[in-house]
Amino acid sequence: MAFDSKIPKGEMNEKWNDYKGHVKLVNPANKRKLEVIVVGTGLAGASAAASLGEMGYKVKAFCFQDSPRRAHSIAAQGGINAAKNYQNDGDSVFRLFYDTVKGGDYRAREANVHRLAEVSTSIIDQCVAQGVPFAREYGGLLSNRSFGGTQVQRTFYAAGQTGQQLLLGAYSALERQVALGNVTMYARHEMLDVVMIEDKARGIIARNLVTGELEKHFGHAVLLCSGGYGNVFYLSTNAMGSNVTAAWKAHKKGAFFGNPCFTQIHPTCIPVSGDYQSKLTLMSESLRNDGRIWVPKNKGENRKPVDIPEEERDYYLERRYPAFGNLVPRDVASRAAKERCDEGYGVGTTKLAVYLDFADAILRYGKIEAGKMGDHSASEAALIQLGKEVVKEKYGNLFAMYEKITGENPYDMPMRIYPAVHYVMGGLWVDYELQTTVKGLYALGEANFSEHGANRLGASALMQGLADGYFVIPYTLGNYLADEIRTASISTDHPAFVETEKAVKDRIDTLLNIKGKQTVESFHKRLGLIMWDKCGMARSEKGLKEAIEQIQALKKEFWSDVRIPGEANGMNTELDKAGRVADFIELGELMCKDALVRNESCGGHFREEYQTEDGEAKRDDENFSFVSAWEYVGESDWKLNKEELTFEIVKPTQRSYK
Amino acid sequence: MNLTLKVWRQKNNQSEGSLETYQVKDISSEMSFLEMFDVLNEQLILSGGEPIAFDHDCREGICGMCSMHINGRAHGPWTNNTTCQLHMRAFKDGDTIVVEPWRSKAFPVIKDLTVDRSAFDRVIQAGGFISVNTGNAVDANSLPIDKKDADDAFMAASCIGCGACVATCVNSSAMLFVSAKVSQLALLPQGAPERESRVLNMVAQMDKENFGNCTNTYACEAECPKGISVANIARMNKEYLQASLTTES
């Protein structure tokens with residue numbers, strides 16, 4: 001099977017320009033005859049569908065939600081990076097490229113990352129032109145803030161709702177194309193398989209989630225923009241419906257899966273409160289700009305946080321990483337929190353939490369405000385009041401969300417936070433053109449294994465999703481479709497469509513006929529526990545081997561004892577969930593296998609056997625400087641292919657934030 | 001706590017629905033309202049019944065998918081809140097809670113508590129955008145925007161499209177939803193070229209979708225999870241009047 005990353009030759013900063021200058025084009029008359037299927041309508045999918053529609057392709061877009069506006073990109077809070085250097089603080093395309101390769105712990109492809117940094121500036125221009133209301137300064141120009149893992153201010157934001165505003169921008173562009181007739185939208189539809197004709201992807205089988213009917217859709221190319229698979233852990237910051245099914249079906253039809261074990265555990269989430277918990281809520285990383293993270297110096301501390309004196313607090317990030325302090329990258333911050341809690345310094349009822357404290361920031365802002373008013377004798381209470389107003393303007397919606405969930409007021413009491421699964425760097429393997437190992441099948445956004453290597457920096461997911469959809473796929477897709485202009489639309493009566501549809505129907509019938517005793521949810525929870533304990537923040541050979549056995553056993557039990565009420569005709573949310581959990585179980589096994597062969601620690605992948613004396617990740621560039629690209633062979637059987645990574649510009653060094 | 005739930009059950013949009021009564025036990029006050037529904041659904045499945053269909057996705061108050069009418073209020077008893085962010089400490093042991101879907105001619109029930117809100121998408125298709133193709137944009141800082149206008153546009157843009165405004169309105173009016181988008185784009189210089197056609201087309205589509213008119217009860221603002229102000233409705237009325245007077249038809 002073809003396995004070529006197709007990285008253009010030439011100097012790093014000329015590759016993309018050179019590619020664009022020589023790529024094949026499709027003339028407007030031919031574009032009208034070419035059909036493109038887009039699965040998923042988050043930032044990557046909506047921007048791709050809108051852009052391709054504008055170009056004149058006939059697009060069909062699918063999402064499982066009731067409207068494309070609800071895709072989970074909407075929940076991204078903090079911001080989007082771009083190398084605009086509006087703050088005159090020394091930022092550049094090169095620095096964004098460098099930070100991203102380093103932040104990813106040297107497990108990303110340099111050429112892709114450089115392209116991402118190059119197009120980042122156009123994304124901000126495009127979004128502002130669409131009416132995305134980014135935060136502004138009093139002079140009317142755009143405001144920036146800093147984010148973890150960088151020392152410049154390159155993050156654009158819209159309060160704590162950046163993802164929402166960017167998605168609504170892309171959604172409005174998409175709806176405009178729907179109105180113009182260039183895009184047909186299929187909401188409440190779920191893709192259940194890819195249709196292959198000869199060796200090319202030629203369409204999909206989708207289930208109408210309202211009527212239950214299976215539908216066959218032809219496309220000259222299929223774009224999977226279906227997001228990440230963090231819900232394999234059951235508890236994550238993903239939406240309840242986020243799933244791996246579209247990507248997994250593609251994988252079983254020949255698309256390699258890249259670095260499946262690379263998971264991002266986000267350091268600042270609201271801790272688990274009980275076993276009924278259905279999801280976890282992120283508190284934006286932007287809070288680390290002003291919040292200080294600490295635990296008590298004494299084990300078994302029982303006083304309220306405000307009663308613990310300064311000298312009895314351990315600001316462990318500031319202590320361990322003085323250069324970056326509370327702004328170390330996510331993988332580093334998460335592991336440090338786990339280390340403290342494992343050592344017995346955790347706080348709260350479960351002792352699996354650390355404090356994120358705004359008291360210093362409130363006082364500091366209060367002093368600045370009082371200074372502006374010329375009041376140099378304000379009481380501490382007055383300063384705190386002034387400071388709270390500033391903090392409210394910056395983070396008001398996040399503080400309100402925290403209070404709703406926990407019932408505690410974070411203006412007066414430090415937040416309790418703990419790491420949670422948030423994002424996956426792994427995904428379908430794609431080449432420079434975002435094409436998977438299946439011809440005509442592309443993966444964009446979080447669904448691909450992407451530019452983030454083994455760890456994603458904050459505010460880079462939104463950047464990548466929109467880069468792929470607005471500025472990469474419109475060029476690279478043409479390079480494939482230019483050779484497809486002679487392919488007439490294929491009838492969905494073609495045997496390949498009929499057979500694939502039948503296989504999908506058979507699987508649904510099999511699931512419904514098990515009529516066992518355990519609910520889908522209970523299987524999902526059990527899978528999540530195995531994954532979190534053994535393939536979560538710390539992994540070991542022993543644990544991973546156990547996990548693989550447990551998952552295989554769970555799979556057997558699922559297929560013999562799951563209970564799905566209702567029928568295939570009509571809306572059946574349990575059936576939808578069952579199909580997704582069945583795929584998560586298979587994916588979980590592959591993630592453990594991937595983690596098991598990677599005998600090193602890098603980014604979000606931490607193998608207990610491979611750490612330095614002071615507990616930092618120990619990378620092994622000599623043996624593991626590659627992308628794992630897993631090929632599906634058969635049930636519980638995969639072949640590992642390796643894409644060697646070479647670094648021309650950013651020479652791998654030990655990542656230090658000290 | 002132990003609770004009695006009366007929940008609207010309806011097989012599909014062809015059938016008649018009714019309120020069914022269920023008991024749930026040992027509900028923790030730390031649970032979210034939807035987690036309490038998860039418990040109920042697990043109970044229903046295990047006892048041979050069918051779970052209640054309800055829309056939900058992000059469970060952090062931002063996607064706008066959840067949509068329950070709880071004890072007569074859209075999204076339940078807390079203000080500026082979505083159903084998914086409602087927590088059980090809002091209730092006490094022994095309470096009876098009545099849960100219904102959004103009620104509006106423009107939002108037909110699909111099943112149980114799930115309704116069809118695609119009318120909102122069609123209103124956006126009528127003009128809720130700025131016509132700028134990918135690649136057309138000028139540098140983002142080439143057009144400074146007064147901070148107050150930018151902030152007001154942002155406040156209007158924080159609408160999550162959940163439909164609580166429609167569900168709570170005696171007239172099933174969508175004025176708050178439509179005016180939030182009209183306002184956002186009218187406040188920004190980028191929205192100026194299509195300002196008049198936008199408001200006329202969006203209002204025309206709103207009427208076509210069977211949403212009612214506005215009689216200034218302000219219930220929409222009171223129940224909006226994002227606190228969108230009715231000042232947007234006033235702005236839309238001004239935009240509409242201005243456009244009607246100056247546009248040739």
Side-chain angles (χ1 to χ4, degrees), chain A residues 50-51 54 65-67 69-70 72 74-75 84 86 122 124-126 128-131 133 136-142 158-159 161 164-165 168 172-173 175-176 178-179 185 187 210 239-241 273-274 276-279 281 401 404-405 407 470-471 474 519 521 563 565-566 570-571 573-574, chain B residues 12 28 30-32 34-35 38-39 42 45-46 49-51 53 55-65 81 85 87 89 110-111 114 116-118 120-121 124-126 128-134 136-141 144-147 150 153-154 157-158 161 184-185 188 190-191:
Chain A
S51 302
E54 288 161 7
Q65 298 90 345
D66 73 327
S67 162
R69 66 178 292 149
R70 309 207 196 279
H72 197 54
I74 203 155
K84 282 285 198 185
Y86 281 160
S122 306
I124 302 303
D125 299 341
Q126 183 64 29
V128 167
Q130 288 169 345
R136 287 176 185 269
E137 305 291 350
Y138 283 101
L141 301 178
L142 292 162
Q161 309 170 6
Q164 181 194 10
Q165 296 310 328
L168 293 182
S172 70
E175 292 296 357
R176 175 171 159 250
V178 172
M185 186 65 225
V210 175
M240 301 302 287
S273 65
Y276 48 80
Q277 191 117 10
S278 61
K279 82 151 270 159
T281 302
M401 200 195 291
K404 270 177 200 161
I405 293 172
Y470 282 135
F471 296 108
T519 62
E521 201 73 5
R563 169 181 292 199
M571 182 176 259
T573 47
E574 284 300 305
Chain B
N12 55 43
S28 153
E30 297 290 305
M31 271 185 198
S32 74
L34 294 184
E35 283 165 351
D38 293 341
V39 170
E42 290 289 286
I45 296 166
L46 290 173
E50 253 204 69
D55 267 334
H56 64 113
D57 200 27
C58 78
R59 294 205 180 185
E60 44 190 282
I62 196 77
C63 76
M65 193 129 170
N81 198 59
Q85 295 295 81
H87 279 65
R89 58 179 180 277
I110 295 174
K111 182 178 182 181
T114 308
D116 179 355
R117 285 169 289 190
S118 55
F120 271 8
D121 289 330
I124 297 295
Q125 285 159 24
F129 48 76
I130 288 169
S131 297
V132 51
N133 283 357
T134 304
N136 277 188
V138 296
D139 183 83
N141 258 353
I145 300 174
D146 183 300
K147 183 165 163 48
F154 169 77
S158 60
Q184 177 203 342
L185 300 180
L188 298 171
Q190 289 89 343

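Protein chains get the first letters and strands the later ones, always in sequence-line order, with residue 1 at the start of each.
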Under 3.5 Å: donor-acceptor pair, side chain of A:E175, backbone of B:G128:
no
Determine whether B:C63 and A:H72 satisfy the following criterion, side chain to side chain contact (heavy atoms under 4.5 Å, CB included), listing intermediate values before the conclusion.
CA-CA 7 Å; B:C63 76; A:H72 197 54; 5.9 Å; no
At a heavy-atom separation under 4.5 Å, does B:D55 approach chain A through its side chain, its backbone, both, or neither?
side chain
Which heavy atom in A:Q161 sits nearest to a heavy atom in B:S158, and how many Å separate them?
OE1-CB, 3.4 Å
Count the heavy-atom pairs under 4.5 Å between each of A:F471, A:Y276, A:Y138, A:Y470 and chain B, then report the option with the highest count.
A:Y276
Is there a donor-acceptor contact under 3.5 Å from the side chain of A:R563 to the main chain of B:L46?
yes
Scored by heavy-atom pairs under 4.5 Å with chain A, the best of B:N81, B:D38, B:V39 is B:N81
Evaluation steps, side chain to side chain contact (heavy atoms under 4.5 Å, CB included), between A:M240 and B:R59:
CA-CA 7 Å; A:M240 301 302 287; B:R59 294 205 180 185; 3.5 Å; yes
Please classify the contact of B:S118 with chain A as side chain, backbone, both or neither, using a heavy-atom distance under 4.5 Å.
neither
Nearest heavy-atom neighbours spanning A:A239 and B:C58
CB-CA, 3.8 Å
Heavy-atom closest pair (A:A129 atom, B:A137 atom, distance to 0.1 Å) is CB-CB, 3.8 Å
Report which part of B:V138 has an atom under 4.5 Å of a heavy atom belonging to chain A: side chain, backbone, both, or neither.
backbone
Hey, is the main chain of B:Q85 close enough, under 3.5 Å, to the side chain of A:K404 for a donor-acceptor pair?
no
B:N136 versus chain A, heavy atoms under 4.5 Å apart: side chain, backbone, both or neither?
backbone
Flag the one option from B:E30, B:Q190, B:M65 with the top tally of heavy-atom pairs under 4.5 Å to chain A.
B:M65
What heavy-atom pair brings A:I405 and B:R89 nearest, and what distance separates the two atoms?
O-NH1, 3.6 Å
Which atoms of A:Q277 come close to chain B, meaning under 4.5 Å heavy atom to heavy atom: side chain ones, backbone ones, both, or neither?
both
Testing the basics here: between A:P565 and B:P51, what is the closest heavy-atom pair and its distance to 0.1 Å?
CG-CD, 3.6 Å
Answer with side chain, backbone, both or neither: which region of A:A75 has an atom nearer than 4.5 Å to a non-hydrogen atom of chain B?
both
Under a 4.5 Å heavy-atom cut-off, does chain A meet the side chain of B:L188, its backbone, both or neither?
side chain
Under a 3.5 Å cutoff, is there a donor and acceptor pairing between the side chains of A:R136 and B:N141?
no
Determine whether A:Q165 and B:F154 make a side-chain contact, defined as any pair of heavy atoms from C-beta on separated by less than 4.5 Å.
yes
Return the option, out of B:P144, B:S28, B:S32, with the maximum number of heavy-atom pairs under 4.5 Å with chain A.
B:P144
Where on A:L168 is there a heavy atom nearer than 4.5 Å to chain B: the side chain, the backbone, both, or neither?
side chain
Report yes if the side chains of B:K147 and A:E137 come closer than 4.5 Å at any heavy-atom pair, otherwise no.
no
Looking at every heavy atom in both A:P133 and B:Q184, which two are closest together, and how far apart are they?
CD-NE2, 3.9 Å
Residue pair B:E35 / A:S278, side-chain donor-acceptor N/O under 3.5 Å:
yes
I need the B:D139 CG to A:D125 CG distance, nearest 0.5 Å.
5.0 Å
Toward chain A, the part of B:I110 with a non-hydrogen atom under 4.5 Å
side chain
Could you walk me through whether B:N133 and A:R176 pass the side chain to side chain contact (heavy atoms under 4.5 Å, CB included) check?
CA-CA 10 Å; B:N133 283 357; A:R176 175 171 159 250; 3.1 Å; yes
B:E42 vs A:E521, side chain to side chain contact (heavy atoms under 4.5 Å, CB included): CA-CA, chis, key distance, verdict:
CA-CA 8 Å; B:E42 290 289 286; A:E521 201 73 5; 3.2 Å; yes
Which atoms of B:E60 are under 4.5 Å from chain A, going by heavy atoms: the side chain, the backbone, both sets, or neither?
both
At a 4.5 Å cut-off on heavy atoms, which part of B:S131 comes close to chain A: side chain, backbone, both, or neither?
both
Donor + acceptor pair across side chains of B:T134, A:E54 (<3.5 Å)
yes
With a 4.5 angstrom heavy-atom cut-off, which part of A:Q126 approaches chain B: side chain, backbone, both or neither?
both
Contact between B:D121 and A:M185 at the side-chain level, heavy atoms closer than 4.5 Å - yes or no?
no
Side chain / backbone / both / neither for B:L185 at chain A, heavy atoms under 4.5 Å:
side chain
Is any side-chain heavy atom of B:F120 closer than 4.5 Å to a side-chain heavy atom of A:S67?
no
Relative to chain B, which segment of A:Q130 carries a heavy atom at a distance below 4.5 Å: side chain, backbone, both, or neither?
both
Region of A:E574 that comes under 4.5 Å of a non-hydrogen atom in chain B
side chain
Among the options A:A173, A:A159, A:G140, pick out the one with the most heavy-atom pairs lying under 4.5 Å from chain B.
A:G140
